[in-house]
S.K.: 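Sharing a structure, written as structure tokens. Questions coming.
Letters A, B, ... are given to chains in the order of the sequence lines, protein chains preceding strands, and every chain is numbered from 1. Atoms considered below: every heavy atom in the structure, side chains included; atoms not considered: hydrogens, waters and symmetry mates.
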There are 2 protein chains.
Amino acid sequence: MTRRHLNVAQPGDPALAIFGVKDSRSQHGSADELLKVGALAKSTGKTVRAIHLYEDLGLIESKRRSKGAYRLFNRDTEVRIHWISKMQSIGFSLSEIQGILKDRVVADSAHRTAEELQTFYEEQLIAVRAKLAELKSLEGELAASLNYLETCTTDCGDDHAVSECQECSTQTSNRVPDLVRGARLD
Amino acid sequence: MTRRHLNVAQPGDPALAIFGVKDSRSQHGSADELLKVGALAKSTGKTVRAIHLYEDLGLIESKRRSKGAYRLFNRDTEVRIHWISKMQSIGFSLSEIQGILKDRVVADSAHRTAEELQTFYEEQLIAVRAKLAELKSLEGELAASLNYLETCTTDCGDDHAVSECQECSTQTSNRVPDLVRGARLD
DNA sequence: CCCAAACCTTACGTTAACGTGAGGGTTTGG
DNA sequence: CCAAACCCTCACGTTAACGTAAGGTTTGGG
């Protein structure tokens with residue numbers, strides 16, 4: 001009872017099934033298709049430790065335990081973990097992911113749950129678009145810098161000391177890309 | 001001499017000036033325009049501690065110290081720090097940023113230095129484009145999920161238990177967006 | 001000249017996301 | 001049925017990027 005130090009959704013919470021799935025893949029495999037943690041780790045590219053952590057954080061849940069207390073997961077957990085990986089690689093923290101999953105309301109109302117998810121994903125969409133904008137801007141800056149540097153390496157003629165770049169006569173624009181300026185020291 | 005535990009570029013390294021700047025802003029203010037750490041912090045939105053850290057990591061450098069050892073930075077450090085912030089917000093770690101700055105070769109050859117930077121930025125551009133692709137994919141998934149959920153909240157009619165979503169007859173597609181599937185529990 | 005505000009160095013604390021054993025059961029192929 | 005391969009539960013270690021506090025010096029306006 002006092003064992004869990006982490007913010008975990010009550011283990012007693014009914015394992016909510018949210019939004020229908022007509023998709024066939026998710027309905028099969030009732031009992032035998034269960035994975036032990038090692039197999040799950042291998043198939044998801046995560047470590048056993050990571051999977052344990054995710055469980056502690058309430059991000060995943062094992063269907064049941066073997067007689068010897070081995071965790072047994074069903075296949076859909078792979079989907080969940082891949083999703084987690086994706087979210088992570090995009091910049092979400094585990095606690096943010098936790099937030100997403102917790103957001104699946106407790107009240108057993110499909111409409112309310114759907115609305116909550118909608119609200120959440122709308123916010124996420126805005127955040128994602130902001131990140132996209134930033135990255136695009138960086139892409140542009142990188143391209144500009146490469147362009148600038150290209151001129152340096154092809155049009156500059158004889159090599160010279162870096163300090164002489166101060167009086168460069170090769171570059172036509174007087175605009176030095178931020179990524180070049182930023183990388184400079186003064 | 002044994003005081004620095006961090007990977008710092010040799011303090012003795014000549015403060016390299018890389019690539020010319022015709023831009024007027026960077027040529028002015030010889031001595032009086034210096035900023036104390038507090039002012040720099042305020043103008044960049046960083047904390048004093050962070051700035052000290054950046055200095056220890058060799059990401060920035062104070063022009064000189066006052067008689068009482070106060071750090072005095074020149075204006076261009078603001079540019080550098082804003083650049084650092086941008087890089088961070090996009091997902092680069094301080095040590096990666098360190099890598100970028102270290103990459104400004106020691107050999108005093110403008111051509112070689114330019115080539116190094118080029119190589120580096122080319123890699124970065126690829127990485128950035130990969131991240132962009134991932135984010136775009138996520139954007140699409142979010143949009144699809146919102147679309148799916150929109151149908152739930154508007155076309156579904158009477159409210160019902162979440163578990164009944166399993167036999168949904170409202171959704172026309174049999175494809176449940178990953179972000180909805182991923183958020184489900186089984 | 002005086003004192004509050006700002007700065008200095010040193011060093012321990014913190015959150016995140018696992019890594020890495022320790023000590024001890026469980027499974028399973030041969 | 002037995003050893004190798006897995007798994008379990010603690011629980012402390014680690015890296016990153018600062019936060020925070022302690023104890024002392026420097027600045028600058030009144």
S.K.: By nearest heavy atom, map B/R65 and B/K42 onto DNA chain C; which one lands nearer the 5' end?
M.R.: B/K42
S.K.: Taking atom P in both D/dC12 and C/dG13, compute the distance separating them and give it to the nearest angstrom.
M.R.: 15 Å
S.K.: Between B/Y70 and A/R71, which has a closest nucleotide on DNA chain D that is more 5'?
M.R.: A/R71
S.K.: To the nearest Å, give me how far apart CD (B/Q88) and P (D/dA16) are.
M.R.: 13 Å
S.K.: Write down the atom of A/R65, the atom of A/L72, and the distance for their closest heavy-atom approach.
M.R.: C-CD1, 4.1 Å
S.K.: Runs of at least three consecutive Watson-Crick or G-U pairs, both distances under 3.5 Å, are what I'm after; which ones involve DNA chain C?
M.R.: C:1-14 with D:17-30, C:17-30 with D:1-14
S.K.: Would you mind reading off the distance between B/L72 atom CG and D/dG28 atom P, rounded to a whole angstrom?
M.R.: 10 Å
S.K.: Verify the contact: side-chain N or O of B/H52 to OP1 or OP2 of C/dC8, cut-off strictly under 4.0 Å; return yes or no.
M.R.: yes
S.K.: May I ask you to say whether A/K86 pairs ionically with B/E134, meaning some side-chain N is under 4.0 Å from a carboxylate O?
M.R.: no
S.K.: Just how far, in rounded Å, is P of D/dC18 from CD1 of B/I84?
M.R.: 10 Å
S.K.: Any side-chain heavy-atom pair from B/C156 and A/H111 closer than 4.5 angstrom?
M.R.: yes
S.K.: Apply the side chain to side chain donor-acceptor pair (under 3.5 Å) test between B/S43 and each candidate in B/E78, B/R75, B/H82; give the one that qualifies.
M.R.: B/E78
S.K.: Take atom CG of B/L34 and atom C1' of C/dC7, then tell me their distance rounded to the nearest Å.
M.R.: 16 Å
S.K.: Would you measure the distance from the P atom in C/dA16 across to the matching atom in D/dT9 and give it in whole Å?
M.R.: 23 Å
S.K.: Whole Å only: how far is the CZ atom of B/R64 from the P atom of C/dC7?
M.R.: 15 Å
S.K.: Measuring from A/E123:CD to A/T119:OG1, what's the distance to the nearest 0.5 Å?
M.R.: 7.0 Å
S.K.: Are the side chains of B/T151 and B/T172 in contact, using a 4.5 Å heavy-atom criterion?
M.R.: no
S.K.: In whole angstrom, give the distance that lies between atom CD of B/E55 and atom P of C/dT10.
M.R.: 12 Å
S.K.: Just compare C/dC8, C/dA17, D/dT27 and give me whichever is closest to any side-chain atom of B/K67.
M.R.: D/dT27
S.K.: Nearest to the B/L53 side chain among C/dC18, D/dG28, D/dA17, which nucleotide is it?
M.R.: D/dA17
S.K.: Does some side-chain heavy atom of A/Q171 sit less than 4.5 Å from a side-chain heavy atom of A/S173?
M.R.: no
S.K.: Could you give the CD1-to-P distance, from A/I51 to D/dT9, as a whole number of Å?
M.R.: 14 Å
S.K.: Scan residues 43-50 of chain A against DNA chain C and write down, sorted by residue number, each residue with any heavy atom closer than 4.0 Å; if none is found, say none.
M.R.: A/T47, A/R49, A/A50
S.K.: Hey, is the side chain of A/S66 poking within less than 4.0 Å of OP1 or OP2 on D/dC7, counting only N and O atoms?
M.R.: no
S.K.: Any idea which of C/dA17, D/dC18, D/dC8 is nearest the A/L94 side chain?
M.R.: C/dA17
S.K.: Supply the atom-to-atom distance A/I84 CD1 to A/Q98 CD, rounded to the nearest 0.5 angstrom.
M.R.: 10.5 Å
S.K.: Rounded to the nearest angstrom, tell me the gap between atom CG in B/L40 and atom P in C/dA6.
M.R.: 15 Å
S.K.: Under 6.0 Å from the six-membered ring centre of B/F92 and within 45° of its axis: does the NZ or CZ of B/K131 meet both?
M.R.: yes
S.K.: Taking for each residue the nucleotide of DNA chain D with the nearest heavy atom, is it B/G68 or A/A69 whose nucleotide lies nearer the 5' end?
M.R.: A/A69
S.K.: Any chance you could measure A/L125, atom CG, to B/S145, atom OG, to the nearest 0.5 Å?
M.R.: 10.0 Å
S.K.: Please determine whether a side-chain nitrogen or oxygen atom of B/Y54 lies at a distance below 4.0 Å from atom OP1 or OP2 of D/dA17.
M.R.: no
S.K.: Take A/S93 and B/A39, find for each the nucleotide of DNA chain C with the closest heavy atom, and name the residue whose nucleotide sits nearer the 5' end.
M.R.: B/A39
S.K.: Which of the following nucleotides, C/dC7, D/dC18, C/dT27, is nearest to the side chain of B/K36?
M.R.: C/dC7
S.K.: Quick one: closest heavy-atom pair of A/S62 and A/E55, and the distance?
M.R.: OG-OE2, 3.7 Å
